[in-house]
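Notes to accompany the following structure.
Just so we're clear, the structure is a prediction, and the values are computed from it rather than from any experiment. Just so you know, ligand 1 is whichever comes first in the structure, and atom 1 is the first atom listed for that ligand.
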Amino acid sequence: MSTPQNPVLVPGSSATPTAPDPGRLRRPSSGALRRFTANPLGVVAAVVLAVVAVVVALAPVLPLADPDAIDLFGTLQSPGAEHLLGTDSSGRDVLSRLVWGGQVNLLGALLATAVSAVLGVSSGLLAGYHAGRFDTGASWVTSMLQALPAIVVLLAVRAVAGPSTWIAMTVFGVMLTPGFFRIVRGAVQAVRGELYVDAARVSGLSDARIVGRHVLTVVRAPIIIQCARVAGIAIAVQAGLQFLGVGDKSVPSWGAMISEGFRKLSIAPLLVLWPALLVGLVCASLMLLSNALRDALEDRGTATGPSRRRARAAAAAAGPATVVLPEQAEEGSALDTATGDLLTVRGLQVAYAQGDGGDKTVVHGVDLHVDSGEVLGLVGESGSGKTQTAFAVLGLLPEGGRVSAGSIDFRGTDLTGLTPGQHGALRGTDLAYIPQEPLSNLDPAFKIGYQLTTPMRLHLGISRREAKERALALLARVGIPDPARTFDSYAHEISGGMAQRVLIAGAISCKPKLLIADEPTTALDVTVQAEVLDLLRDLQAEFGMGIVLVTHNFGVVADICDRVAVMQHGRIVETGAVEDLFARPRHPYTRTLLDSMVEDGPARPYPFDDDVLRVPAADGAEAR
Ligand SMILES: Nc1ncnc2c1ncn2[C@@H]1O[C@H](COP(=O)(O)OP(=O)(O)OP(=O)(O)O)[C@@H](O)[C@H]1O
């Protein structure tokens, strides 16, 4: 198995909120609104911003004086009935110029925010989700942008492109891209390592859907917060440029008004007060709003605990309740060329590209065979290559891994010749997977019901209501005592055993032809282990599917498997019917594994004859 990944978190700073722990976040809900309205500072800030935005937007229809009308006989007037906030050194109405100036400043800030959000979020999503060269290139570009002094760049742009506020704010938006990029990239990298994302992949969801469904949910809150912060920064910088006289002087602006008021400070101190007050008020409100949003959106309550991938252990997520959909399941088969055999693996090699240009082969010429309705145990100690073999069949080898030789014949089609898209179309339908860590394979941001019904609706094109009915039926079938309640629960609200049943429900929902279960009981306590094995056995009999059960536990093999293949160092060293192999293990490695099982004791009593089970213990005495 590969090394667990740690989430890449972005260090917090005034302009850069930390990327959230995806395991901690849940979907923004009405609770977020409640938390937000409970924060008086946030509410006041939102009201202030709303009032300013509405007044500025209504400038053309409000009964305001012409902001550019010069009155040389009425300069520097104090506030009065005719000019509520007085006049400037050219006799222009200050209130009118403030309101009209807001259009330039607020729209400029909006432009900068939109540019930086669109560029930063899209590049962050791509870099975080796909990594590789784009990540390297985008990280390099954003580092370079961060190193550039924004004001100097904006002055240079002014010199080259003229005083246009829109050009300046577009460039400034590009310069603010790294903030969004780093937040999103960090969050996506953390989410990408989550098992529930692999689960979604196995359930047949496309990358775009996975990003939309699992990834954007996690980064939504920090993006909103960052938007508020960037808008505040853009207003402040814009006003600063206008103050320096490098803005567009043909239209009123807050910065230019501050500049003029500053020059007349000794004779008309109020002139600087109004625009400075407005800039301060808007910037402070944006900051307070972003803090309130952070508190409201990121306070999701109960933690589910860190859940990091155990290599690429992907899980079968959800599909339709095929207990009531046998005909669709048959039609849903992506392979039309079925033969009598289900899975035949010949000479399978899995290799990983190494930094020195060479290959590291981790699976060496594995041969396997599984018939429909047969349960094959794939046994071996940790690192023997069981999971790599299973992932090769699923088409989910981790980055850098590939099938370097051999064939995987699944119902008459060689899976090694399929494109990733074709292989993906089989996952969640003909091929299903049950993982080892059930809770980690459920997205903490979504209710169980949503996770069950979404792939169901995708694969079968059924309505939300129909999908719910089928999901409830399926939950009942796998032995969930209160399906409706579990349907409406989050992952952290159910036990590990229930989570495993939910995943089994998802895995069998498309009536798969082949189910690969990777140590499906390891994370469960002994009683629940037995129940889950019983369930698997019942479902296998009911659906007639083939099962490959990856395990290191011969007790589990004895409990449920028909045949067993023993792996060591990436090779199958022995294979045979379970009874034969238990009675007459031929390979020394198999004997060692059996001996260790005998010492530990079986998971529970074997389902077959006592005589068969007597295997020689290490000291030569018979043991079971
Ligand atoms: N991403 C990877 N890059 C290189 N080698 C890898 C990678 N993932 C796994 N391996 C190697 O492949 C070999 C087989 O690993 P695999 O995960 O199949 O073992 P396993 O039998 O499933 O063990 P476990 O029971 O611990 O999961 C190991 O030697 C492991 O180091």
Side-chain angles (χ1 to χ4, degrees), residues 1-6 130-132 189 192-195 197-199 201-202 307-316 343 345 347-368 376-406 408 420 433-438 440-441 500 515-524 529 547-557 561 564-575 587 589-590 592-594 596-597 600 603:
M1 286 296 183
S2 62
T3 324
Q5 282 187 336
N6 287 322
H130 289 298
Q189 281 179 333
R192 193 186 60 184
E194 293 292 327
L195 293 175
V197 170
D198 288 333
R201 214 171 276 143
V202 178
S307 56
R308 297 290 167 253
R309 72 168 48 202
R310 174 183 174 261
R312 285 238 167 197
L343 178 76
V345 176
L348 177 71
Q349 280 194 14
V350 174
Y352 282 88
Q354 300 297 290
D356 59 8
D359 271 349
K360 174 190 170 193
T361 301
V362 296
V363 173
H364 307 265
V366 158
D367 294 326
L368 285 177
L376 174 77
L378 194 54
V379 191
E381 66 189 2
S382 187
S384 55
K386 309 181 293 293
T387 305
Q388 298 302 310
T389 304
F391 283 174
V393 174
L394 287 164
L396 281 175
L397 285 170
E399 220 167 288
R402 66 179 205 287
V403 173
S404 53
I408 303 170
Y433 186 80
I434 298 174
Q436 182 180 132
E437 296 172 30
S440 307
N441 282 273
Q500 192 59 292
L515 176 66
I516 296 181
D518 189 355
E519 314 228 15
T521 56
T522 304
L524 308 175
Q529 280 182 15
I547 296 182
V548 175
L549 186 75
V550 176
T551 181
H552 60 270
N553 186 336
F554 267 112
V556 171
V557 170
C561 296
V564 60
V566 182
M567 281 194 83
Q568 183 188 25
H569 304 319
R571 293 182 170 80
I572 302 285
V573 296
E574 184 166 358
T575 178
H587 197 276
Y589 178 65
T590 312
T592 309
L593 285 180
L594 279 169
S596 63
M597 179 206 77
D600 289 344

Are any of the N/O atoms on [X], whether in the backbone or the side chain, positioned under 3.5 angstrom from an N/O atom of ligand 1?
X      : answer
Gly383 : yes
Glu399 : no
Pro398 : no

Going by the atom numbers of ligand 1, which of them fall below 4.0 Å from some non-hydrogen atom of [X]?
X      : result
Ser382 : 23 (O), 24 (P), 25 (O), 26 (O)
Glu381 : 21 (O)
Glu519 : 25 (O)

Supply the atom-to-atom distance [X] [atom1] to [Y] [atom2], rounded to the nearest 0.5 angstrom.
X      : Y      : atom1 : atom2 : answer
Leu549 : Cys561 : CG    : SG    : 4.5 Å
Phe391 : Leu396 : CZ    : CG    : 6.5 Å
Gln568 : Glu381 : CD    : CD    : 6.0 Å
Leu376 : Ile516 : CG    : CD1   : 10.0 Å
Gln354 : Lys360 : CD    : NZ    : 6.5 Å

message: Test of understanding: given a 4.0 Å heavy-atom threshold, classify the contact between Met567 and ligand 1 as side chain, backbone, both, or neither.
response: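 None of Met567 does.
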message: One residue to check: Val362. Relative to ligand 1, which of side chain, backbone, both or neither has a non-hydrogen atom less than 4.0 Å away?
response: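 Looking at Val362 and ligand 1, just side chain atoms fall under 4.0 Å.
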If the contact criterion is a heavy-atom separation under 4.0 Å, does [X] count as touching ligand 1?
X      : result
Gly400 : no
Gly380 : no
Lys360 : yes

Which pair of non-hydrogen atoms, one from [X] and one from [Y], has the smallest distance, and what is that distance?
X      : Y      : value
Val345 : Val366 : CG1-O, 3.5 Å
Thr551 : Asn553 : OG1-N, 2.9 Å
Lys386 : Leu378 : CD-O, 3.4 Å

